[in-house]
**Q** 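I am attaching a structure below and will ask some questions about it afterwards.
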Amino acid sequence: MYLTDRSAPAGAGTVPGRRRGLRPGVAPVVLVLGTVSLITDISSEMVTAVLPLYLVTTLGFSPLAFGTLDGVYNGVGALVQLTGGHLADRIRNHKLLAGLGYGLSALCKPLLLLVSSIGALGTVLALDRTGKGLRTAPRDAMISLSTPSGKQGRAFGVHRAMDTTGAMLGPLAAFLILSAAADGYDAVFGVSACVAVLGVVVLVLFVPGKQRGARVERAREAEGGQPVLVREAGAADTGGLEAGAAAGKPPVRIREAFALLRLPRLRALAGCAALLGLTTVSDAFVYLLLQRRAGIGEQWFTLLPLGTALVFLLLAVPLGALADRVGRHTVFLSGHGALLIGYGLLLWAPATPALPFLVLALHGVFYAATDGVLPAALADIVPEELRASGLAIVGTSQALARFCCSLAFGAAWTVWGDGPALAASAVGLLCCAAIAGRVLRPTNGNR
């Protein structure tokens with residue numbers, strides 16, 4: 001029913017003498033989107049780094065209340081991902097949907113200065129995550145559509161490495177602001193809003209838009225006199241986002257997007273992502289547990305995400321390239337194995353000075369092996385004209401599961417304590433990883 005454009009021979013997309021950039025197979029649009037994500041993540045992680053401590057110690061929220069807000073923070077974006085992915089495919093303008101998402105999140109940052117009740121905070125966080133949900137699938141679709149199938153892991157690794165650079169700089173900026181400003185939390189929220197606006201400006205000015213993204217096929221004579229098809233210079237940078245519109249194709253309908261669930265490989269990947277997400281404790285809880293377990297002072301709390309981000313940054317590209325070679329499912333499951341070891345250290349390792357470094361390193365390995373590898377695994381499954389919808393389906397299944405995990409973990413912590421709650425998550429993760437390993441076992445070239 002759907003055809004992917006594979007008519008051009010390998011290498012035909014490169015004009016002779018044209019520079020391919022710093023990394024073979026990484027289109028310029030990947031680097032530009034990486035820059036947008038870097039800036040936006042500085043803004044987002046400034047807030048994320050201080051939010052757990054701000055809510056629990058300053059506003060006096062219970063673990064259950066915080067777990068509810070954290071679940072909202074992740075769950076709302078998950079639901080909106082489906083809308084963002086489908087609309088991007090329907091109007092064939094991925095940049096527009098991504099821009100709306102980035103803009104909405106930027107507008108929400110100043111509102112954190114004005115709210116303090118759980119209801120108002122929940123509303124603001126829900127709007128912020130709505131923006132994230134709108135932008136995630138269209139952005140990843142632009143990356144996927146601009147990259148050859150065999151280099152998807154590397155491309156997503158490069159993007160996630162740049163994104164994680166922002167995730168690393170955000171907590172550091174928050175730490176410096178809290179140290180220097182009298183009203184530290186308000187200053188963090190204010191600076192975060194300004195940085196978010198800068199990210200939107202870069203997206204609008206430098207990411208190719210509708211007309212520049214049109215895929216054009218033109219004939220030229222090869223040395224042997226045979227006509228071949230090549231892309232117009234620059235078309236690969238945007239992945240031919242407007243190819244369907246240029247060819248007069250009808251809009252993608254919602255039932256066509258959901259028909260993707262008939263694909264066995266996509267259904268298996270979405271199911272396993274959800275199953276593993278049900279036992280993946282949110283970052284905020286991991287950092288709170290580590291602070292309590294290792295006796296880390298509150299003034300150092302905002303630096304904990306920095307450790308995760310540093311390891312993620314160093315390993316995102318190598319593990320993405322490794323996934324292209326040995327299999328994306330293998331690397332994806334191995335990342336959850338690293339997370340399971342981190343849970344074990346938090347539960348049973350002695351509170352030595354090395355404990356925070358080990359846990360944060362394993363946390364970073366988990367993200368480097370999963371965050372970009374999961375969307376890369378969809379490159380050979382979902383047709384191009386439905387790429388954003390396919391990414392949204394899998395991303396939504398995972399994020400909704402993590403939403404449920406945040407609620408359950410917050411409730412378990414409140415009733416039983418942090419140790420039993422984490423032990424239950426660890427046992428659940430071990431069982432779910434074993435099931436996912438059987439479901440995703442490579443067959444018939446399934447990577």
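Note: hydrogens, waters and symmetry copies are ignored here, and every other heavy atom, side chains too, is used. Computed from a predicted model, the values in this text were never measured in an experiment.
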**Q** At their closest point, which heavy atom of V29 faces which heavy atom of P208, and how far apart are they?
**A** CG2-CD, 4.1 Å
**Q** Calculate, to the nearest 0.5 Å, the distance between atoms OG1 and CG belonging to T130 and L100 respectively.
**A** 12.5 Å
**Q** If you take all heavy atoms of A388 and A88, which pair is closest and at what distance?
**A** CB-CB, 4.3 Å
**Q** Inspect the contact between D283 and R402 and indicate whether a charged nitrogen and a carboxylate oxygen are less than 4.0 angstrom apart.
**A** no
**Q** Judged by atom type as modelled, is there a donor-acceptor pair below 3.5 Å linking the side chain of T396 to the main-chain atoms of I393?
**A** no
**Q** Heavy-atom distance under 4.5 Å between the side chains of D41 and T164, does that happen here?
**A** no
**Q** Measure across L374 and A273 and return the closest heavy-atom pair with its distance rounded to 0.1 Å.
**A** CD2-CB, 4.3 Å
**Q** Drop me the distance from L169's CG to I42's CD1, to the nearest 0.5 angstrom.
**A** 4.5 Å
**Q** Pick from L429, V281, L362: which one makes a side-chain contact (heavy atoms from CB on, under 4.5 Å) with L339?
**A** L429
**Q** Between S146 (side chain) and I143 (backbone), is there a donor-acceptor pair under 3.5 Å?
**A** yes
**Q** Does some side-chain heavy atom of I91 sit less than 4.5 Å from a side-chain heavy atom of L97?
**A** yes
**Q** Between F332 and H336, what is the ring plane arrangement, given parallel below 30°, perpendicular above 60°, and tilted in between?
**A** perpendicular
**Q** Please tell me if the side chains of W300 and F175 come closer than 4.5 Å, counting only heavy atoms from C-beta onward.
**A** yes
**Q** Which heavy atom of A436 sits nearest a heavy atom of L333, and at what distance?
**A** CB-CD2, 3.8 Å
**Q** Start with the C-alpha gap between L127 and V124, add the side-chain angles, then the distance that decides, and say whether side chain to side chain contact (heavy atoms under 4.5 Å, CB included) holds.
**A** CA-CA 5 Å; L127 288 174; V124 172; 5.7 Å; no
**Q** At what distance, to the nearest 0.5 angstrom, does CG of L269 lie from CG of L378?
**A** 5.5 Å
**Q** Can you name the side-chain contact (heavy atoms from CB on, under 4.5 Å) partners of A401, sequence neighbours left out?
**A** A274, L278
**Q** Are F366 and T280 close enough, and set up right, to give a side chain to side chain contact (heavy atoms under 4.5 Å, CB included), and what steps lead you there?
**A** CA-CA 11 Å; F366 161 69; T280 301; 3.9 Å; yes
**Q** Between S397 and V394 (side chain of the first, backbone of the second, donor and acceptor by atom type, cut-off under 3.5 Å), is there such a pair?
**A** yes
**Q** Any chance you could lay out the side chain to side chain contact (heavy atoms under 4.5 Å, CB included) test for K132 and T136, step after step, and finish with the verdict?
**A** CA-CA 6 Å; K132 181 175 176 60; T136 298; 3.7 Å; yes
**Q** Taking it one step at a time, do V311 and L314 satisfy side chain to side chain contact (heavy atoms under 4.5 Å, CB included)?
**A** CA-CA 5 Å; V311 177; L314 294 175; 5.8 Å; no
**Q** Can you check whether H159 reaches S37 side chain to side chain, under 4.5 Å on heavy atoms?
**A** yes
**Q** What's the spacing between I39 CD1 and M162 CE if we round to 0.5 Å?
**A** 9.0 Å
**Q** Would a distance-only check, ignoring hydrogens and angles, find a side-chain to backbone donor-acceptor pair under 3.5 Å from R160 to A316?
**A** no
**Q** Quick one: which of L289, L346, T308 gives a side-chain contact (heavy atoms from CB on, under 4.5 Å) with V359?
**A** L346
**Q** Closest heavy-atom contact between A98 and M142?
**A** CB-CE, 4.2 Å
**Q** Identify the two heavy atoms, one from L391 and one from A141, that lie closest to each other, and give their separation to 0.1 Å.
**A** CD1-N, 3.5 Å
**Q** Kindly write out the residues that satisfy salt bridge (charged side-chain N to carboxylate O under 4.0 Å, His left out) with K109, not counting sequence neighbours, or none if the list is empty.
**A** D128
**Q** Measuring from atom CG of L422 to atom CZ of F409, what distance do you get when rounded to the nearest 0.5 angstrom?
**A** 5.0 Å
**Q** Counting C-beta onward and ignoring hydrogens, is there a side-chain heavy-atom pair between C405 and T279 closer than 4.5 Å?
**A** no
**Q** Does any part of the side chain of L290, heavy atoms only, come nearer than 4.5 Å to the side chain of L360, both counted from C-beta?
**A** yes
**Q** If we check side-chain hydrogen bond (donor to acceptor under 3.5 Å, both in side chains) with S144, which of these qualifies: Q152, E384, R139?
**A** Q152
**Q** State whether the side chain of K95 and the backbone N or O of V204 hold a donor-acceptor pair below 3.5 Å, judged by distance alone.
**A** yes
**Q** I'd like to check L319 versus V373 (side-chain heavy atoms, cut-off strictly below 4.5 Å). Are they in contact?
**A** no
**Q** Cut-off 3.5 Å, side chains only: do R135 and S105 have a donor facing an acceptor?
**A** yes
**Q** Would you say the side chains of S192 and S43 form a donor-acceptor pair under 3.5 Å?
**A** yes
**Q** Please tell me if the side chains of R387 and D140 come closer than 4.5 Å, counting only heavy atoms from C-beta onward.
**A** no
**Q** How about H363 and Y343: are their ring centres within less than 6.0 Å of each other?
**A** no
**Q** Say whether, by atom type as modelled, one donor and one acceptor occur between the side chain of R154 and the main chain of V317 under 3.5 angstrom.
**A** no
**Q** Please work out whether the ring planes of Y367 and F312 are parallel, tilted or perpendicular, with thresholds of 30° and 60°.
**A** parallel
**Q** Roughly how far, to the nearest 0.5 Å, is CG of D163 from OG1 of T35?
**A** 11.0 Å
